[in-house]
Protein chains: 2
Amino acid sequence: MALTLRQLEIFLAVAETGHVTSAAKRIHLTQSAVSMAISEMENILNGPLFDRQGKKLILNDRGRFLLPYAREIVNKVRNIELLLSEPEGELVGHLHVGASSTIGNYVMPYVVSAFTREHPKVYINLVVGNSRQIEQQVEEGVLDIGFIEGLVHSNKIESQEWLTDRLNIIANPQHPLCQKKELSVHDLVDARWIMREEGSGTAEIFKNTISKYISNFEVFLELGHTEAIKKAVEAGMGLSCLSALTVCREVENGWLKILHIPELEITRQLLIIIRKDKLKTNLLREFISFCNFIKDCCQASEICLTSPYKLLQLLEHHQEMVV
Amino acid sequence: MALTLRQLEIFLAVAETGHVTSAAKRIHLTQSAVSMAISEMENILNGPLFDRQGKKLILNDRGRFLLPYAREIVNKVRNIELLLSEPEGELVGHLHVGASSTIGNYVMPYVVSAFTREHPKVYINLVVGNSRQIEQQVEEGVLDIGFIEGLVHSNKIESQEWLTDRLNIIANPQHPLCQKKELSVHDLVDARWIMREEGSGTAEIFKNTISKYISNFEVFLELGHTEAIKKAVEAGMGLSCLSALTVCREVENGWLKILHIPELEITRQLLIIIRKDKLKTNLLREFISFCNFIKDCCQASEICLTSPYKLLQLLEHHQEMVV
DNA sequence: ATATTATCAAAAATTTTGATTGATTTTTTA
DNA sequence: TAAAAAATCAATCAAAATTTTTGATAATAT
């Protein structure tokens, strides 16, 4: 690669003015520097780019061919410099975000879409996996930031508390237990349970907790997907226990009902995780503060992010605060 | 305009290798020059482009944002240089050609050797992969041209039809079915099938097609390599279905026989793919026209490229036409 | 006669190198 | 298994090499 950007710039100036001297003035160089740069280019490209008509330099076919490319390339580099070097300017960048399954499927899509709506030049790549995988990829540096349930294992990672998730026991609204007020664990003895299969963190926590109260606790049906479980519960096949984040929309619409049982009020902390030694770019800092804002709002208003619409409401609020 | 093309090149090398030292080797600079160039860029762009993890340099969001632009710009300038600096006369250059497995193993070697025989100063690097990989590398600009079976996914790529491939059902010549004239699908009910294992495009197409006619279609033996399958069929272990390109030599020599079954006449289009915005150098243009010539000849004469010798015959014909 | 381009050697700026330092990773040893 | 030693790597600095730019001059066109 022998051509330089400088040469392309000089070429543009000459092509556009048609004169070496005026081009030199335009880009604050001496006439001699411009002349030499052009002949160097013609050397590199193995042939002339201009027809010399007396004192004028007029593009020949090769020069005409080069012109649009030179323009495009120079413009592109200028744009990039502007975008990346302006610290106060518009936010740009490619952020790699990871989230565990529940967060990744039920929360992050809204967060990501709201954030990119505010910062259209930002591209966010959302990776969904289990908490272990996400943590590992954050540690490796593949991901800039991760959102997980549960604990952090690596000592290279720092975490901060994000939203609090609640495990809800859900039932079809026509279910007999929904009619009763003041439920207790003992009302659940004869219930049929529909749960995620072995390996789900949510299911495990719930089984451990309820086993303390109900000795012969047994799962009636195991399903592989959260959505399938909700459908089964809606259909009245039994009860289940799922993250509030995954069921709040159905609850709002009255398709499912939550059974409040004092002994089984299980909450768990969602965490934001980042490598300790990670240098926070503007973009990353901004994204974190955006997430923290969402956290504050959710805590204050007990709102659950059931729709992009709700998040947008929060955002307007955010805008006001910024202004 | 502070950034230079050199810096972008260096940035690419570091981003792609993840290390300063290996990047330096790749572009024939010292470790120190590379290190300084990167920090100079980070200066110009007012912030880091990499996370330093011990000895590794991993792109951060700003670096990832820059990467595709850097690639594009560097590629563009390289293309322009190549194109404009190419002298008339003897063809020279390094062509990067990719081909999917069948084409790459059974067709391209002949094409490449014939082409370089005509143009001894040309070096061709032939990469074999699956169609997906080849397409991606053509899109990235790693490959100048690709040859694939199946469809193009990227909208940055233009394709043109090349040879037509046929799936042939093959049998040992002593196989009872070879004695019969006028075969139909129903004659295959009791056949033993030897196929490529799960994941082979060819095997998949065939299974889908024959399942329409034979309900309990079952594979008797799965093997990992095309050559192994041919050997097994030659040994009389059963029938198989393979691309005509891979079996035509054995068929010509009488080691295998093709069973023609009207319902199972499966053909598929082989494609030549190139980035839409690729500047075609003399070399690339010449290579494409060479491939098109081969296509025309194969269509006209129903010849299958079973040997370098046959291709040479075609070439003599080509020479005549040129002269 | 004036203005302009091309060319040359000298000056200025920049890129690259070689050597060194400090950190991290891998291998060896206890 | 843990500690010590060796090897590897990135960053930094000053010197060297290279490239770019200048100032002066010759050649050419209006």
Side-chain angles (χ1 to χ4, degrees), chain A residues 1-45 47-60 63 70 74 77 81 139-141 154-157 275-279, chain B residues 1-45 47-60 63 70 74 77 81:
Chain A
M1 176 116 56
L3 280 184
T4 68
L5 278 177
R6 200 82 232 275
Q7 286 167 340
L8 291 180
E9 272 191 305
I10 295 173
F11 168 79
L12 283 184
V14 175
E16 279 161 17
T17 61
H19 295 274
V20 172
T21 305
S22 40
K25 268 180 201 145
R26 175 122 84 94
I27 50 186
H28 308 292
L29 274 178
T30 48
Q31 170 268 322
S32 140
V34 173
S35 182
M36 290 183 97
I38 295 291
S39 58
E40 173 64 13
M41 282 182 83
E42 294 183 322
N43 245 19
I44 292 168
L45 298 179
L49 296 166
F50 295 92
D51 288 329
R52 269 74 170 175
Q53 284 185 18
K55 302 181 172 182
K56 264 190 236 142
L57 280 83
I58 297 179
L59 287 172
N60 68 9
V74 168
V77 176
E81 280 182 336
E139 182 175 346
E140 286 169 2
S154 163
N155 62 352
K156 287 184 184 163
I157 286 179
R275 264 186 76 104
K276 276 179 186 160
D277 60 1
K278 175 103 185 157
L279 282 179
Chain B
M1 174 116 56
L3 281 184
T4 68
L5 278 176
R6 199 83 233 275
Q7 285 167 340
L8 291 180
E9 273 191 305
I10 294 172
F11 168 79
L12 283 184
V14 175
E16 278 161 17
T17 61
H19 295 272
V20 172
T21 304
S22 39
K25 269 185 199 137
R26 175 120 86 88
I27 51 187
H28 307 292
L29 276 178
T30 47
Q31 172 265 323
S32 139
V34 172
S35 183
M36 291 183 97
I38 294 292
S39 57
E40 174 64 13
M41 284 182 83
E42 294 184 320
N43 247 17
I44 292 169
L45 297 179
L49 297 167
F50 295 91
D51 285 327
R52 270 74 169 176
Q53 276 185 25
K55 303 180 171 184
K56 262 186 258 162
L57 279 85
I58 297 179
L59 286 174
N60 68 9
V74 168
V77 176
E81 277 181 339

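Only a predicted model underlies this, so the values are computations on that prediction, with no experimental measurement involved. Hydrogens, waters and symmetry mates are skipped; everything else that's a heavy atom, side chains included, is used.
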Value in whole Å for how far the C1' atom of D:dC9 lies from CD1 of B:Ile58: 15 Å
Residues touching DNA chain C, which here means a heavy atom under 4.0 Å, drawn from residues 30-43 of chain B: B:Thr30, B:Ser32, B:Ala33, B:Met36
Polar side-chain atom of B:Asn60 near backbone of B:Pro48 as donor-acceptor pair, under 3.5 Å: yes
Pairwise distance CG(B:Leu57) to OG(B:Ser35) - rounded to 0.5 angstrom: 8.0 Å
Gap between atoms CD1 and P, on A:Ile44 and D:dT19 respectively (whole Å): 10 Å
Nearest non-hydrogen partners of A:Phe11 and A:Ile38, listed with the distance: CA-CD1, 3.9 Å
Phosphate contact (D:dA10 OP1 or OP2) by B:His19 side-chain N/O below 4.0 Å: yes
Listed partners of B:Asn43 passing side chain to side chain donor-acceptor pair (under 3.5 Å), at least two apart: none
Degree of bending, the helix from C:dA1-D:dT30 to C:dA30-D:dT1 (end axes from five pairs; round to 10°): 30°
Any side-chain heavy-atom pair of A:Ile10 and A:Arg6 under 4.5 Å: yes
Pairwise distance CE(A:Met41) to CG(A:Leu8) - rounded to 0.5 angstrom: 5.0 Å
Value in whole Å for how far the C1' atom of D:dA10 lies from CD1 of B:Ile10: 15 Å
List the atom pairs, donor and acceptor, that lie under 3.5 Å between side-chain atoms in residues 15-34 of chain B and the rest of the protein, sequence neighbours left out.
residue, atom, partner, partner atom, Å
B:Glu16, OE1, B:Arg26, NH2, 2.9
B:Glu16, OE2, B:Arg71, NE, 3.2
B:Glu16, OE2, B:Arg71, NH2, 3.4
B:Thr17, OG1, B:Ala13, O, 2.8
B:Thr17, OG1, B:His19, N, 3.2
B:Thr17, OG1, B:His19, O, 3.0
B:Thr30, OG1, B:Ala33, N, 3.3

Those residues that, when tested against A:Glu139, pass salt bridge (Lys or Arg N to Asp or Glu O under 4.0 Å) (two or more places apart): none
N or O in side chain of A:Arg6 less than 4.0 angstrom from D:dT19 OP1/OP2: no
Non-neighbouring partners of A:Ile44 that pass side-chain contact (heavy atoms from CB on, under 4.5 Å), sequence neighbours left out: A:Ala2, A:Leu3, A:Gln7, A:Glu40, B:Glu81
B/S/- contact track for nucleotides 21-27 of chain C, protein heavy atom under 4.0 Å: ---BS--
Which residues share a side chain to side chain donor-acceptor pair (under 3.5 Å) with A:Ser39, sequence neighbours left out: none
Could you write out each protein N or O paired with an N or O of nucleotides 15-18 of chain D at a distance under 3.5 Å?
none

Residue-level proximity of residues 20-29 of chain B to DNA chain D when a heavy atom falls under 4.0 Å: B:Val20, B:Thr21
N-O pairing of B:Asp51 and A:Lys278 below 4.0 Å: yes
